Amino acid sequence: MTDLEKSHFEVAGIWEPENWHAADLERMDETIRVIPEGASSLLDAGCGNGLFLKRLAQLRPDIPRIHGADRSSTALQHVTCDHTQTEINAMPFADQSFEVVSALQVLEHLPGGVFEQCLAELARITRRYILISVPFQEDLERNLIGCPSCRSRFSPYHHVRSFSRGSLASLFETHGFQPCLVDGLGETETLRGWRTLREFFSGKALGVNPYPFEIPCPMCAARLEPSHQIMDHAEPRPASHALHRIRRGIKRVWPKERTPTRLLALFESTTCRS
Ligand SMILES: [Zn+2]
């Protein structure tokens, strides 16, 4: 990870709770529901702004010890429970020191080397369960955005790997963990082939900054303005209202498909670790 990539995770807007949506909170609740009853402790590795831990404390007061770990000091300013600033591939926790170790929306960010070290760390620190969530079969190439200054293409979310149900299920095989559950999380309805069609007609395959705040390009550090500002500045076209109604009508009858936005997996140690 370059210094510029690291700086992405210090962008304050990413961690502002008001930039998180209701769908994020619903997915957190779904995730919390799979944590086994009677769990005595949980470490959330890559806890970000700690919203998951905050929600966990509300919904599962029966878990007496919860702890957050993240590399970003900007993110950790929001975390209200016990937490540690640390790299995820070398965490300062003893072997088997938490009954559950979670890494939610973390693994897709990790480059080769760091990724394998992180899996080993999660397996080392947990006493019994590992809880993982990642984006559902993300098309990394398609989600790239273009920097208007240096013309490089990059993932605005800094995602570098993609997971299927199969690749997720076998993630901890060599560490002695088997999946108890691998499931879709947070279903969304999409229009089948709509995006391909739209890209074909607009001739534009690259998206724009999806965040409501500026983000730095990881190659040249140019600031990419928020997408909503681009839209705000655009002059409304006279035909836009009629076009909007036609587009809405087409979308209503267009074939749709439901896909999960994330994958959620719970792994249990196959060896007795009392
Ligand atoms: Zn650039």
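Order of appearance sets the numbers: ligands from 1, and atoms from 1 within every ligand. The structure presented is a predicted model; accordingly, all values stated were derived computationally and were not measured.
The line from CZ of Arg192 to OG1 of Thr259 is 10.0 Å long, rounded to the nearest 0.5 Å.
A ring-centre distance under 6.0 Å is not found for Phe267 and Tyr129.
A cation-pi geometry, defined here as NZ or CZ lying under 6.0 Å from the six-membered ring centre and within 45° of its normal, holds between Arg161 and Phe115.
Looking at Arg65 and Ser40, their side chains never come closer than 4.5 Å, going by heavy atoms from C-beta outward.
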Can you list the steps and then say if His159 with His109 is a ring-ring contact (aromatic ring centres under 6.0 Å, His included)? CA-CA 5 Å; His159 290 176; His109 296 275; 4.8 Å; yes
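Under the 30°/60° scheme for interplanar angles, the aromatic rings of Phe213 and Tyr211 are found to lie parallel.
Around the Zn ion (ligand 1), protein N, O or S atoms at less than 2.8 Å number 4.
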